[in-house]
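Scope of the values below: all heavy atoms of this structure, side chains included, with no hydrogens, waters or symmetry mates.
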Amino acid sequence: MARIDGRANDQLRPIEIIPNFNKFAEGSCLIRCGNTQVLCCASVEDRTPPHVPEGEGWVTAEYSMLPRANRERSKRDIAKLKLSPRSAEIQRLVGRSLRACVDMKKLGERTITVDCDVLQGDGGTRTASVTGGFVALSLALHKLVEEGVLESMPLKTCVAAISAGIVDDQLLLDLCYEEDSSAQVDLNCVMTGEGELVEIQGTGEGRTFTIAEQQALVELCAKGIREVQAIQKAVLGG
């Protein structure tokens with residue numbers, strides 16, 4: 001099967017991460033994965049939500065798509081007076097993923113909110129949000145250390161994410177929109193720098209799938225995530 005953009009089945013789309021894209025945010029980047037573009041901004045506040053234990057910090061995320069991020073205009077969430085279920089699910093995923101890499105006691109009593117705004121969506125917006133969100137978070141934490149607010153970096157590891165799927169009974173890495181919309185099986189995977197899993201979201205869209213197929217998709221994602229993490233590392237200066 002020839003892919004729409006000529007890639008090999010196990011090949012990522014071109015990825016570019018532009019750090020410090022927003023001059024006001026404590027940490028920010030623009031991430032491009034093929035035609036998908038997400039702006040990630042990390043903001044620091046010296047307070048925490050009520051549920052956070054005393055002496056610890058909190059990391060959370062918000063996710064949204066601009067009205068013309070897709071092929072047709074969508075209504076803003078504020079116009080619907082509530083967050084769309086899809087946006088709510090994705091921002092919870094991003095928040096969980098980013099919290100997995102932070103030592104909350106070292107962060108101290110402050111909250112970092114990572115806003116992920118999709119400027120253009122062509123598949124993989126949630127995985128791009130995790131990957132770019134980590135870069136924005138890391139830059140914000142580096143700034144806190146440089147300013148003497150934190151004694152040391154509270155990062156325990158890095159996190160990145162990628163998608164894979166089964167299209168026409170073939171395993172494909174990093175699905176674009178056309179592939180994702182026709183996928184028989186769709187899987188999103190988040191991993192740490194040590195290759196440990198943070199989250200797997202696998203769905204049989206057009207058919208069921210086996211445990212062996214799930215394992216193969218996760219291994220394909222692991223290959224892609226290692227490549228993504230090398231890009232993150234280069235952007236963050238090693």
Side-chain angles (χ1 to χ4, degrees), residues 3-5 7 11-19 21-22 25 27-42 59-78 80 83-98 100 113-137 159-165 167 172-183 185-191 198-203 205 217 220-221 224-225 227-229 231-232 235:
R3 302 186 73 173
I4 190 170
D5 50 11
R7 286 183 289 145
Q11 185 178 357
L12 295 171
R13 290 175 292 177
I15 296 176
E16 180 183 18
I17 301 176
I18 304 172
F21 196 80
N22 181 302
S28 69
C29 74
L30 177 70
I31 180 168
R32 296 189 178 114
C33 302
N35 289 320
T36 289
Q37 300 183 31
V38 183
L39 175 61
C40 303
C41 295
V59 175
T60 188
E62 294 192 9
Y63 169 97
S64 182
M65 297 189 76
L66 294 186
R68 278 318 303 263
N70 286 317
R71 285 150 181 77
E72 296 180 357
R73 185 185 186 276
S74 59
K75 289 185 177 181
R76 297 181 190 271
D77 284 334
I78 192 171
K80 297 175 283 188
L83 191 65
S84 75
R86 179 179 181 275
S87 294
E89 177 220 341
I90 292 174
Q91 69 183 36
R92 286 195 293 268
L93 165 69
V94 178
R96 286 193 300 270
S97 301
L98 298 180
T113 302
V114 180
D115 289 291
C116 301
D117 291 289
V118 180
L119 309 183
Q120 188 167 280
D122 188 43
T125 62
R126 73 184 66 199
T127 54
S129 295
V130 171
T131 298
F134 171 77
V135 172
L137 172 64
V159 291
I162 206 69
S163 68
V167 182
L172 304 180
L173 179 65
D174 191 14
L175 306 183
C176 66
Y177 172 79
E178 287 81 5
E179 293 168 337
D180 185 55
S181 62
S182 62
V185 178
D186 181 38
L187 185 139
N188 298 293
C189 186
V190 185
M191 285 184 172
V198 178
E199 187 140 353
I200 301 173
Q201 297 180 335
T203 306
E205 303 280 0
L217 287 170
L220 186 60
C221 285
I225 287 174
E227 296 175 27
V228 172
Q229 288 170 339
I231 295 170
Q232 288 176 319
V235 169

Beyond-backbone contact of Ser182 with Val167, side-chain heavy atoms, under 4.5 angstrom = yes
Verdict with reasoning, Glu179 to Arg7, per salt bridge (Lys or Arg N to Asp or Glu O under 4.0 Å) | CA-CA 12 Å; Glu179 293 168 337; Arg7 286 183 289 145; 3.6 Å; yes
Ile4 versus Cys176: any side-chain heavy-atom pair under 4.5 Å?
-> yes
Please confirm whether the backbone N or O of Ala25 pairs with a side-chain atom of Ser28, one donor and one acceptor, at under 3.5 Å?
-> no
Side-chain touch Gln11/Leu173, heavy atoms, less than 4.5 angstrom | no
Close side-chain approach of Ile162 to Leu12, heavy-atom, < 4.5 Å = yes
List the steps and the verdict of salt bridge (Lys or Arg N to Asp or Glu O under 4.0 Å) for Asp122 and Arg32.
-> CA-CA 10 Å; Asp122 188 43; Arg32 296 189 178 114; over 6 Å; no
Are a donor atom and an acceptor atom from the side chains of Arg126 and Gln201 found within less than 3.5 Å of each other?
-> yes
Any donor-acceptor N/O pair, Ser163 side chain to Asn188 backbone, under 3.5 Å = no
Could you state the interatomic distance from CG (Leu30) to CG (Asp117), rounded to the nearest 0.5 Å?
-> 11.0 Å
Min side-chain heavy-atom separation Val190-Leu93 under 4.5 Å | yes
Mind checking whether Arg86 and Thr125 have side chains closer than 4.5 Å, heavy atoms only?
-> yes
Do Asn35 and Gln120 have side-chain heavy atoms sitting under 4.5 Å apart?
-> yes
Counting only N and O atoms by type, is there a donor-acceptor contact under 3.5 Å from the side chain of Thr131 to the main-chain atoms of Ala161?
-> yes
For the pair Glu16 (side chain) and Cys33 (backbone), establish whether a donor and an acceptor sit closer than 3.5 Å, ignoring hydrogens and angles.
-> no
Verdict with reasoning, Arg13 to Glu227, per salt bridge (Lys or Arg N to Asp or Glu O under 4.0 Å) = CA-CA 11 Å; Arg13 290 175 292 177; Glu227 296 175 27; over 6 Å; no
Test side-chain contact (heavy atoms from CB on, under 4.5 Å) applied to Cys40 - qualifying residues, sequence neighbours left out = Cys29, Ile31, Val38, Cys116, Ala136
Can the positive tip of Arg92 be found less than 6.0 Å from the middle of the six-membered ring of Tyr63, inside 45° of the ring normal?
-> no
Beyond-backbone contact of Val118 with Leu66, side-chain heavy atoms, under 4.5 angstrom | no
Inter-residue atom distance Leu217.CG - Leu187.CG, 0.5 Å rounding | 5.5 Å
Does any N or O in the side chain of Gln91 come within less than 3.5 Å of the main-chain N or O of Thr60, such that one atom is a donor and the other an acceptor?
-> no
